[in-house]
Amino acid sequence: MGVATVTSMTGETGTEAMKGAGPAQLEVRGVTKAFPGCLANDDISFRIEPGEIHALLGENGAGKSTLVKIIYGVLQADEGELIWEGKPVTIASPHDAREMGIGLVFQHFSLFETMTVLENIALAMNDVRDMDALRKQVLEVEKTYGLPLDPDRHVYTLSVGERQRIEIVRCLLQNPKLLILDEPTSVLTPQEVEKLFETLRRLADEGCAILYISHKLHEVKALCQKATVLRGGKVVGGCDPREETAKSMAEMMIGQKLTAPDRGKSREFGDVRLAVSNLSLESDEQFGTDLKGINLEVRGGEIMGVAGVAGNGQNELFRALAGETEQQAAPDSIKIDGKSVAHFGPRRRRRLGATFVPEERNGHGAVPDMSLSENGFLTAFRRMALSARGLIREVPTKSFADNIIKTFDVRTTGSGAEAGSLSGGNLQKFIVGREILQDPGVLVISQPTWGVDAGAASAIHQALLDLAAKGTAVLVISQDLDEIYAICDSVVVMAEGKMSKPRPMADVSIEEIGLLMGGLHDLEGNATPANDMEVEGGRVGQA
Ligand SMILES: Nc1ncnc2c1ncn2[C@@H]1O[C@H](COP(=O)(O)OP(=O)(O)OP(=O)(O)O)[C@@H](O)[C@H]1O
């Protein structure tokens, strides 16, 4: 079983037509990998031809990362083999993988902020002896692929898109024959995504095979010529994404029909539940972004999106709202249900009915080596009455975790499983569920569906819409514009620590938001609270 089939190859380019003539660039044959209590890869077989852009699709926990780790030499398969250019190979380490010509662009970059671009590239290469020669090579690659990057700039001065470029240039310097990208666009503006795709298409035209992992299916459709779909560790099929829709691919992944989130009828908005006025705050981080005069108001029943490229003050805003900053905000700059909370820590804000989902799930959102029950207890013990006389009430704590697992379809062996053993998307579902099920009056949520598959994303979106329908004020900080369009009533954009005026979703185009994200518009004069938006009679019409 298991070899992906291509449903059609109509519209092939000359280069594509040549593919398949010789041996595959990489053939994965019968790869199997078990973890305790879980078969992460189950007899996986597929092939990637030279010059082919091949998507690896699958719901959370389907086994994509495990397979990539095997191909990149981080893990060894229990069974099966890897055939490289027609010959069986053992890839014992990432060093081996790079030597063979396999490049991997990580989802989260591991760069040293205080070092220059060139120094970071040198550190990540297998063998660098001559920095001048490396500089020449870097400039050459940049020129050839249209990836402008100053080798002498310090990393902390660069945008996230530029940081990703460093990773890509580093891979290209090694003349990869197979380039693997894991969720590469989650931190990019729409314009940067287009630029990245141009580079990838060009690489593919030159014969480089590309394995592309993403939950953003319309991007897969725009970029990839072939896809292999995993479910429960097995290959369940394949397709030509150009001939599919995002919805049909999502349904192939989850094995059932996908329903779009139901936004309901136009909702009445209630009183302002979260108010931020003229919030200016220095960042706690050395290379962070200071907040400059932020104003926003979110009313009961309203979902407001905060768009922006990562690193423009969103983390600082989240921490300020959650009460986690070292610096204290000015009195009255943050109010929850009319009560000034700027001097409150997280616990007192939670007591007022606010809950928070941070973007970083490991360490911040959850403690990896604690069980799901314990992780549930951490933020919910007061609101869900999970402790008594200073002790954990075991039964309600377990049943709260079980309820999250059931309601949010968290794939795990049970509430006793360590948070760190869950796939990224499943842990995300657990953390989001934990905060939503506490029935908050105000929810501030950062990147709600980061790394989450289409089925789970749609469930999380529906849960946020349902929560708002019950009167909760929801602030969604997200780099995913599709997400903001899918669920938000209004949007603000952050760039360089400032915030644009709130706009009703129906009035703003994706291009405008993209430009605001790039800081291209004048963002001065943000003094208009959300209530001054052009809404009729206190309602925002649904898109
Ligand atoms: N080190 C580990 N120990 C135990 N189980 C693991 C480990 N790594 C992965 N798993 C399990 O293997 C399965 C596949 O996980 P993997 O991370 O490969 O999925 P994925 O398709 O990349 O998911 P996502 O899209 O959520 O990142 C999951 O059930 C996960 O819980």
Side-chain angles (χ1 to χ4, degrees), residues 2 4 28 31-44 46 54-80 104-108 180-187 211-217 219-220 227-238 249-250 252-255 359-362 365-372 375 405 408-433 447-460 480:
V28 173
V31 162
T32 297
K33 175 81 190 172
F35 293 113
C38 156
L39 196 52
N41 284 175
D42 183 2
D43 192 20
I44 292 184
F46 69 98
H54 191 121
L56 188 60
L57 304 179
E59 56 186 341
N60 296 128
K64 305 176 296 293
S65 304
T66 304
L67 185 60
V68 165
K69 284 181 194 163
I70 291 170
I71 296 172
Y72 199 61
V74 178
L75 288 175
Q76 297 302 309
D78 300 334
E79 282 170 46
L104 175 62
V105 176
F106 292 99
Q107 191 174 1
H108 298 288
I180 307 173
L181 298 105
D182 187 358
E183 293 278 344
T185 61
S186 49
V187 293
L211 185 62
Y212 190 83
I213 300 172
S214 177
H215 291 295
K216 296 189 173 180
L217 298 172
E219 290 180 0
V220 167
T228 295
V229 184
L230 302 184
R231 193 183 325 134
K234 290 187 169 101
V235 175
V236 291
M249 284 189 276
M252 216 180 290
M253 273 163 50
I254 61 179
E359 86 176 32
E360 190 58 47
R361 27 189 181 238
N362 279 315
V367 184
D369 52 11
M370 281 168 86
S371 70
L372 294 179
N375 271 290
I405 292 168
F408 285 82
D409 188 24
V410 179
R411 311 280 167 90
T412 169
T413 47
S415 53
E418 283 187 2
S421 73
L422 268 63
S423 80
N426 276 302
L427 184 55
Q428 179 71 2
K429 287 193 265 178
F430 184 84
I431 295 168
V432 171
Q447 320 301 345
T449 56
W450 204 334
V452 163
D453 67 56
S458 145
I460 288 176
D480 183 343

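Just follow the structure's listing: the first ligand is 1, and inside any ligand the first atom is 1. A quick note: this is a predicted structure, and the numbers were derived from the prediction, not measured.
Protein heavy atom in closest approach to atom 4 (C) of ligand 1: F35 CB, 3.5 Å. Closest to atom 23 (O) of ligand 1 among all protein heavy atoms lies G61 N, 2.8 Å. Shortest contact from atom 25 (O) of ligand 1 to any protein heavy atom: K64 NZ, 2.8 Å. Of all protein heavy atoms, the one lying nearest to atom 18 (O) of ligand 1 is T66 OG1, 2.6 Å. Protein heavy atom at the shortest distance from atom 29 (O) of ligand 1 is C38 SG, 3.6 Å.
Rounding to the nearest 0.5 Å places CG of L427 at 7.5 Å from CG of N375.
The contact set between ligand 1 and G425, taken as ligand atoms under 4.0 Å from a residue heavy atom, comprises 26 (O). For ligand 1, the atoms lying closer than 4.0 Å to a non-hydrogen atom of E59 are 21 (O). The contact set between ligand 1 and S421, taken as ligand atoms under 4.0 Å from a residue heavy atom, comprises 5 (N), 6 (C), 30 (C), 31 (O). Numbered from 1 in the order shown, with element, the atoms of ligand 1 that lie under 4.0 Å from a heavy atom of N60 read 23 (O), 24 (P), 25 (O), 26 (O). Close approach of ligand 1 to H215 is summarised as follows: ligand atoms under 4.0 Å from at least one heavy atom of the residue are 25 (O). Near S65, meaning under 4.0 Å from any of its heavy atoms, are these atoms of ligand 1: 17 (O), 18 (O), 20 (P), 22 (O), 27 (O). Taking a cut-off of under 4.0 Å to the non-hydrogen atoms of A40, the atoms of ligand 1 that pass are 12 (O), 13 (C), 14 (C).
A heavy-atom distance below 4.5 Å is not found between the side chains of T413 and C38. Between L57 and L217 there is a side-chain heavy-atom pair separated by less than 4.5 Å. Considering only heavy atoms from C-beta on, F430 comes within 4.5 Å of L372 through its side chain. Between D43 and V31, every side-chain heavy-atom pair lies at or beyond the 4.5 Å cut-off. L67 has its side chain within reach of I44: a pair of non-hydrogen atoms, C-beta onward, lies under 4.5 Å apart.
N41 contributes a side-chain N or O that, together with a main-chain N or O of G63, makes up a donor-acceptor pair within less than 3.5 Å. Proximity of a side-chain donor or acceptor of R231 to a complementary backbone N or O of M252 within less than 3.5 Å is detected. A distance-only check finds a donor-acceptor pair linking the side chain of S423 to the backbone of G61 [under 3.5 Å]. K429 contributes a side-chain N or O that, together with a main-chain N or O of D409, makes up a donor-acceptor pair within less than 3.5 Å.
The shortest N/O to N/O separation between L422 and ligand 1 does not fall below 3.5 Å. On a distance-only criterion, A62 and ligand 1 share at least one N/O pair closer than 3.5 Å.
Under the 4.0 angstrom criterion for non-hydrogen atoms, G58 is not in contact with ligand 1. The closest approach between a heavy atom of R411 and any atom of ligand 1 is not below 4.0 Å. Taking 4.0 Å as the cut-off, Q428 does not count as a neighbour of ligand 1 on heavy-atom distance.
Taking the charged nitrogens against the carboxylate oxygens, R411 and E59 do have a contact shorter than 4.0 Å, which makes a salt bridge.
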